[in-house]
Amino acid sequence: MSETFTKTPGWLDWYSDPSTPAFQVPEGAVDAHCHVFGPGDLFPFAPERKYTPCDASADQLFALRDHLGFSRNVIVQATCHGDDNRAMADAVRRAEGRARGIATVRADVSQDTLAELDEAGVRGVRFNFVKRLVDITPKDQLLRVVDKIAPLGWHVVVYFEAPDIDEVGGLVEAITVPVVIDHMGRPDVTKDPAGPEFDAFVDLMRSRDDVWCKTTCPERLSESGPAALDGEQRAYDDVVPFAKRVVDTFPDRVIWGTDWPHPNLKKHMPDDGLLVDWIPRIADTPDKQQRLLVDNPLRLYWPEEAR
């Protein structure tokens, strides 16, 4: 029986007519952070969700992939679906090898379920510490999940905000598989990118040689813009020095993604074509762009193809 869902008031739908990027991504580029929502009548949203989104289907995601010039996607389980990974896994399967997935699971997940997700193309799990989006899972339960995924060769994605870095850093130290940090740990971009707050994030990256970073979501982090709309080629100036510092310091452990369909944005919805044009501002040579968009995500998600 299908269900009808009403979007959260004020929800901004994704940009339906993105521009063609001026920046041509290298052949084989990977959009390494994106989502699917529903469609709700096929894949209902979780009863415990803290927001109700618009539909954003696999077909629409793949159309954006092709329009922007990317070859592959990494589809991250959306919090509105809880630990019901069916929508994400269905999208990964339908990509026929051109996508990988990141799941959300509970500590009691069975090895059979993990094996099914692995067969679909899932390669990691996400731990979310953003309290306005999820109820935080205790550390001991998260480490039980790590023990279960380790034999599969999966990694852990962690999503947190800058004030929580000390708490999350202790967990990262205890995780025995590679770790990928979402959105640069959500820095306060009104602060100094060479200051002590962001130094703490860089130190977390330095603490292990298998900690990776997504240099993603300038539209979510920016305080002063300008927004990626109306042909703006200098979008999100305030985020550039943070992302550029990470790319320059850890060129072999950074990846990038659109974050389509940009959940929970309140002020504006960016043009995804202009987000692609942001990439050469943070990865300012062809070599850095190749690593960020092709070589690094291949090593992490398609290691059998990595050079």
Side-chain angles (χ1 to χ4, degrees), residues 25 29-35 61 65 68 70 72-79 88 99-104 122-130 133 154-162 164-165 168-169 172 175 177-187 189 193 198 201-202 204-206 208-222 228 236 239-265 270 272 275-276 278-283 288-302:
V25 300
V30 180
D31 175 353
H33 186 93
C34 51
H35 311 278
L61 173 62
R65 174 199 67 196
L68 298 179
F70 287 81
R72 311 187 198 208
N73 301 99
V74 179
I75 305 172
V76 178
Q77 173 74 351
T79 59
M88 178 275 295
R100 294 288 188 250
I102 300 296
T104 296
V122 170
R123 295 296 180 264
V125 296
R126 192 187 201 199
F127 296 163
N128 193 324
F129 296 91
V130 180
L133 296 178
W154 290 10
H155 61 265
V156 168
V157 176
V158 292
Y159 184 26
F160 62 91
E161 298 179 309
D164 300 317
I165 191 168
V168 175
V172 168
I175 291 173
V177 299
V179 174
V180 181
I181 300 173
D182 275 344
H183 318 328
M184 300 179 288
R186 290 193 61 113
V189 299
F198 202 56
F201 176 78
V202 172
L204 178 61
M205 290 281 299
R206 284 200 178 106
R208 292 171 47 171
D209 61 8
D210 60 351
V211 175
W212 299 62
C213 176
K214 297 179 187 176
T215 53
T216 41
C217 290
E219 74 282 6
R220 195 174 297 282
L221 302 175
S222 180
Y236 312 125
V239 186
V240 169
F242 293 85
K244 191 173 188 305
R245 182 181 179 190
V246 177
V247 171
D248 288 347
T249 307
F250 307 102
D252 292 319
R253 289 191 273 141
V254 287
I255 56 180
W256 184 90
T258 58
D259 194 36
W260 187 90
H262 310 287
N264 288 302
L265 290 183
D272 291 283
L275 285 181
V276 173
W278 192 77
I279 295 171
R281 301 183 64 203
I282 66 168
K288 293 175 188 176
Q289 294 156 11
Q290 176 73 22
R291 296 191 205 189
L292 177 71
L293 298 172
V294 183
D295 298 347
N296 295 348
L298 281 184
R299 283 194 293 119
L300 193 58
Y301 292 101
W302 289 268

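Numbering of residues begins at 1 and proceeds along the displayed sequence.
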Is there a side-chain contact between [X] and [Y] (heavy atoms, below 4.5 Å)?
| X | Y | answer |
| --- | --- | --- |
| Val254 | Ile282 | no |
| Met88 | Val122 | yes |
| Arg206 | Phe250 | yes |
| Val172 | Val211 | yes |
| Met184 | Leu221 | yes |
| Ile279 | Val276 | yes |
| Tyr159 | Arg186 | yes |
| Trp212 | Asn296 | yes |

Check whether any side-chain N or O of [X] sits under 3.5 Å from a backbone N or O of [Y] as a donor-acceptor pair, and report yes or no.
| X | Y | answer |
| --- | --- | --- |
| Arg123 | Gly101 | no |
| Gln289 | Ala283 | yes |
| Trp154 | Val125 | no |

Residues in side chain to side chain contact (heavy atoms under 4.5 Å, CB included) with Ala32, at least two apart?
Val30, Val74, Ile255

Residues at least two apart in sequence or cross-chain that pass side chain to side chain contact (heavy atoms under 4.5 Å, CB included) with Pro261, listed by chain then number, are Trp14, His35, Phe37, Ala56

From [X] [atom1] over to [Y] [atom2], what is the distance, rounded to the nearest 0.5 angstrom?
| X | Y | atom1 | atom2 | answer |
| --- | --- | --- | --- | --- |
| Arg72 | Arg100 | CZ | CZ | 7.5 Å |
| Asp182 | Cys213 | CG | SG | 9.0 Å |
| Trp256 | His33 | CH2 | NE2 | 11.0 Å |
| Ile75 | Cys34 | CD1 | SG | 5.5 Å |
| Ile181 | Phe201 | CD1 | CZ | 4.0 Å |
| Gln290 | Leu292 | CD | CG | 10.0 Å |

Applying side chain to side chain contact (heavy atoms under 4.5 Å, CB included) to Thr104 and Thr79, what does each step give before you reach the verdict?
CA-CA 8 Å; Thr104 296; Thr79 59; over 6 Å; no

Does the pair Arg245 and Val247 meet the rule for a side chain to side chain contact (heavy atoms under 4.5 Å, CB included), with working shown?
CA-CA 6 Å; Arg245 182 181 179 190; Val247 171; over 6 Å; no

Under 3.5 Å, is there a donor on one side chain and an acceptor on the other for His183 and Lys214?
no

Evaluate the side chain to side chain contact (heavy atoms under 4.5 Å, CB included) criterion for residues Val180 and Val156: first the C-alpha distance (whole Å), next the side-chain angles of each, then the deciding distance (0.1 Å), finally the verdict.
CA-CA 6 Å; Val180 181; Val156 168; over 6 Å; no

Applying ring pair (Phe, Tyr, Trp, His ring centres under 6.0 Å) to His155 and not counting sequence neighbours gives Tyr301

To check you understand the geometry: which heavy-atom pair defines the closest contact between [X] and [Y], and what is its length?
| X | Y | value |
| --- | --- | --- |
| Trp278 | Pro218 | CZ2-CB, 3.5 Å |
| Phe70 | Val25 | CZ-CG1, 3.9 Å |
| Pro241 | Pro193 | CB-CG, 3.8 Å |
| Arg253 | Asp210 | NH1-N, 4.5 Å |
| Val177 | Arg208 | O-NH2, 2.8 Å |
| Tyr236 | Ala228 | OH-N, 3.1 Å |

Would Arg291 and Asp295 pass as an ion pair if we require N to O under 4.0 Å?
no

In sequence, state the C-alpha distance, the side-chain angles, and the governing distance for Val179 and Met205, and then conclude on side chain to side chain contact (heavy atoms under 4.5 Å, CB included).
CA-CA 10 Å; Val179 174; Met205 290 281 299; over 6 Å; no

Per the side-chain contact (heavy atoms from CB on, under 4.5 Å) rule, which among Asn73, Asp31, Thr216 passes with Thr258?
Asp31

Below 30° counts as parallel, above 60° as perpendicular, anything between as tilted: where do the rings of Phe129 and Phe127 land?
perpendicular

